[in-house]
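Protein chains get the first letters and strands the later ones, always in sequence-line order, with residue 1 at the start of each.
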Protein chains: 2
Amino acid sequence: MKRNRMSLQDIATLAGLTKMTVSRYMRDPSKVSERSRGAIDEVMRQHNYIPNRLPEILSGAGSRTLGVIIPSFRNQIFSDVLEGIQQVAEKHGYQTIIASDNYDPQVGQEKIITLLSYHIDGLLLTGTQHTQTARDYLKTSGIPVAELMEITAEPLDIQVGFDNRQAAFDMTTEFIRRGKQQMVFIGAMDDPRDASRYQGMTQALQRSGLSGQHYLPGAISSMALGRRLFQQIITQHPQTDAIFCTNDDLAMGVLLECQARQIRVPEDIAIAGFHGLDIGSANQQKLASVITPRLEMGQVATGLLIAQLEERRKAGTETVDLGYRLFNGDTL
Amino acid sequence: MKRNRMSLQDIATLAGLTKMTVSRYMRDPSKVSERSRGAIDEVMRQHNYIPNRLPEILSGAGSRTLGVIIPSFRNQIFSDVLEGIQQVAEKHGYQTIIASDNYDPQVGQEKIITLLSYHIDGLLLTGTQHTQTARDYLKTSGIPVAELMEITAEPLDIQVGFDNRQAAFDMTTEFIRRGKQQMVFIGAMDDPRDASRYQGMTQALQRSGLSGQHYLPGAISSMALGRRLFQQIITQHPQTDAIFCTNDDLAMGVLLECQARQIRVPEDIAIAGFHGLDIGSANQQKLASVITPRLEMGQVATGLLIAQLEERRKAGTETVDLGYRLFNGDTL
DNA sequence: TTGAAAGCGCTAACAG
DNA sequence: CTGTTAGCGCTTTCAA
């Protein structure tokens, strides 16, 4: 019932050896004599020794720990990415320390510094929007960084994502091809991904001499939010014939509200979402969406990050575009 | 571009002081002279000093870090709990290290030991099913542990949850009150919560001289899974008139499949889910469900855990039952 | 107000 | 095969 945990020294004393022998045993039992092994085995079994990773990390060995910062836990998108990260990290024996920044680069900066103070070996970030201070710290730290979900011209190190702008451009083009003319974009937290998607839509519209509206609630997406926003939209812009949402839950909310109002989808109003979530594809009337590789982004980014760490090469920058797929469903 | 990060010593040398003075400055700038303060300020600004938390933690101060183990990131239930944990941890200046055990107590045991080796101050676990070895390590470590999502007779320290069995009992009673006789329970990963819920249903049925079926796919719940299982159920037990699911996504899958098959809900088949997710309550036909306090469980458990840590009292065990609410919706 | 010494628990390097 | 020494970078304590 002691306040202090058992140390290697304690084990060694109990086994009549020095901590060095016990240390060797821990890393590779075959490196100590049969005799010692038995003695240590016995003591260990009785005392639930908890290894202490800190001294080793403190003396400059790696920590086999990756930092992860996501905007929010309450968004399935990032849960999927996290799952991918965990899978690969676990496979390679890496721990993860996860923090969330609530979509705020300033908070993100603090989290980055905190994670660095724990001696993480590498860092996975969402998006490419970081404060200058954060960039400075990251450069000083010298650890490899992976940015997920977006592709930009200037990766810090590793970048794994897809082209949000192009995806929205393509989906919008599909709306137009089907004769829709009065499009509205519904965003959520107004993060850079939302912005790129809106930009893509605008560009596609412009190419056809059209223009569109947009709603940026600055809130986390949900079905309830989608319903609420659609009520607003249909009042303010009754001529709307197409709605493109930055997330499938928003789009499902819109779809349900259309059903409630006897608005025909897609004849009166066409709807598309983003990400290709279960919620949309399992629906009776399948939701059109841009299917994104969320799990894969986590997996690939973590794999590349660990590869850099293991090979101890600080390779040049590396960008992987995992692409996306348009799913037309029944709402387009 | 050095491989080694800057230490307090380095800063001190550059500022013409000793590391002790810089250390004091870091904790409280008013504890050093105006002169020193200026010198340190200046050096700091130029070098992005990253504090090193390890030495302090190593020498026995707390780490202000909590460990968290959840079954999976791909289940909104735990994302909500996580969010609650993060909110409170952040407010009190605590970091979290999060791991997932894929619903496997054996994996959970490993994760517990790993987290302990990082000197966490406290630990939040999902559920109350732990290996004996895990229990031994936890006791030896002496840190306070919070168990979430369930209420049992023997908490380790803190337990924050609700009565899964009673909740299912109550919901089943409601089914029966409405004349349903042929109930089927759909579980997911067959974790102890699933088991308690199934038990609650069985008890309520027995009280009325009824019995029920159950399906335990051993997979993570999803709408698609719900649809698939319902197809099986309706084939194998065509007389089924009520379906109770351990999660709302499963229930929504069932509901959609009913719609596809022109089965009237709730007249032909009544449906209820569990947790009260957006997906069910935002639906046109509102899904009956047991509404659970997921965010609150995370918040309350973390608050209690931190309170114990700050007061340095290893209080006796503490159990908080946050309850649940039945929502009858339109499917009952 | 500042400095010097000791120590947290481990492992790398070197000896025996 | 096993032991000894030194050191990672802080903070605590004691001293000046």
Side-chain angles (χ1 to χ4, degrees), chain A residues 2-41 43-44 47 49-65 113-114 116-121 140-141, chain B residues 2-41 43-44 47 49-65 113-114 116-121 140-141:
Chain A
K2 327 197 55 169
R3 183 68 244 160
N4 292 351
R5 58 207 278 176
M6 193 133 280
S7 73
L8 267 198
Q9 182 61 265
D10 298 330
I11 302 286
T13 308
L14 287 167
L17 296 161
T18 58
K19 58 182 176 182
M20 210 39 237
T21 306
V22 182
S23 171
R24 289 193 183 99
Y25 167 88
M26 301 250 41
R27 304 182 82 73
D28 179 0
S30 77
K31 305 207 90 178
V32 306
S33 69
E34 183 76 42
R35 248 177 77 71
S36 306
R37 213 178 304 157
I40 298 173
D41 260 355
V43 178
M44 287 287 209
H47 293 274
Y49 169 64
I50 300 163
N52 189 344
R53 308 258 357 257
L54 265 35
E56 186 181 1
I57 300 172
L58 178 57
S59 35
S63 60
R64 293 190 83 80
T65 303
I113 296 174
T114 304
L116 288 174
S117 79
Y118 281 87
H119 281 241
I120 52 172
D121 287 345
T140 304
S141 78
Chain B
K2 329 196 53 169
R3 184 65 242 163
N4 293 352
R5 58 206 278 176
M6 192 136 278
S7 72
L8 268 198
Q9 182 60 266
D10 298 331
I11 302 286
T13 308
L14 287 167
L17 296 161
T18 57
K19 59 182 174 182
M20 221 20 253
T21 306
V22 184
S23 170
R24 291 194 181 99
Y25 167 88
M26 300 252 42
R27 303 184 82 75
D28 179 0
S30 77
K31 304 209 91 178
V32 305
S33 68
E34 182 77 41
R35 246 177 80 71
S36 306
R37 211 178 307 157
I40 298 171
D41 260 354
V43 178
M44 288 287 209
H47 293 274
Y49 170 65
I50 300 163
N52 188 345
R53 308 260 355 257
L54 265 36
E56 186 181 0
I57 300 172
L58 177 57
S59 35
S63 60
R64 293 191 83 78
T65 302
I113 296 173
T114 305
L116 288 174
S117 78
Y118 280 87
H119 283 239
I120 51 172
D121 288 345
T140 305
S141 79

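Dashed line: the shortest gap from a side-chain N or O of B:Ser23 to OP1 or OP2 of D:dT11 is under 4.0 Å. Phosphate proximity of C:dG9 to A:Ser7: absent, as no side-chain N or O sits under 4.0 Å from OP1 or OP2. An OP1 or OP2 oxygen of C:dG9 is reached within less than 4.0 angstrom by no side-chain nitrogen or oxygen of B:Ser59. Taking only side-chain nitrogens and oxygens, B:Thr21 comes nearer than 4.0 Å to OP1 or OP2 of C:dG3. Residue B:Tyr49 places none of its side-chain N or O atoms closer than 4.0 Å to OP1 or OP2 of D:dG9. Distances shown here put every side-chain N or O of B:Thr18 at or beyond 4.0 Å from the OP1 or OP2 atom of C:dA4.
Comparing C:dG9, D:dT2, D:dT13 by their nearest atom to the side chain of A:Asn52 picks out C:dG9.
Nearest-nucleotide mapping onto DNA chain C: of B:Ser33 and B:Gly60, the residue sitting toward the 5' end is B:Ser33. Annotation: of the two residues near DNA chain D, B:Pro51 and A:Arg35, the 5′-most nearest-nucleotide partner is A:Arg35. Looking at which nucleotide of DNA chain C each of B:Glu56 and B:Ser30 is closest to, the 5′-most match is held by B:Ser30.
Within the 4.0 angstrom heavy-atom criterion, only backbone atoms of the sugar-phosphate kind lie near A:Arg27; the bases stay farther away.
Rounded to whole Å, the distance from CE on B:Met20 to P on D:dA16 is 17 Å. Look at NZ on A:Lys19: it is 13 Å from P on D:dA6, rounded to the nearest Å. In this structure, CD1 of A:Ile57 is placed 15 Å from P of C:dG9, rounded to the nearest angstrom. One interatomic measurement links the two molecules: CZ of B:Arg5 to C1' of D:dG9, which rounds to 10 Å at whole-angstrom precision. Per the geometry, CD belonging to B:Glu34 stands 11 Å off P belonging to C:dT2, to the nearest Å. The interatomic distance linking A:Leu17 (CG) with D:dT4 (C1') rounds to 15 Å, in whole Å. In this structure, the CG atom of B:Leu58 is 9 Å from the P atom of C:dC10, given to the nearest Å. A:Asp28 has its CG atom 13 Å from the P atom of C:dA12, to the nearest Å.
Judged by distance alone with a 3.5 Å cut-off, no donor-acceptor contact links the side chain of B:Arg53 to the base of D:dG9.
The closest side-chain donor-acceptor pair between B:Ser36 and B:Ser33 falls under 3.5 angstrom. Between the side chains of B:His47 and B:Asp10, no donor N or O sits under 3.5 Å from an acceptor N or O.
Closest non-hydrogen pair, B:Met44 versus B:Tyr49, comes out as SD-CB, 3.8 Å.
Looking at B:Ser23, its side chain never comes within 3.5 Å of a backbone N or O of B:Lys19 through a donor-acceptor pair. A donor-acceptor pair under 3.5 Å links the side-chain atoms of A:Arg5 to the main chain of B:Leu116, judged by distance alone.
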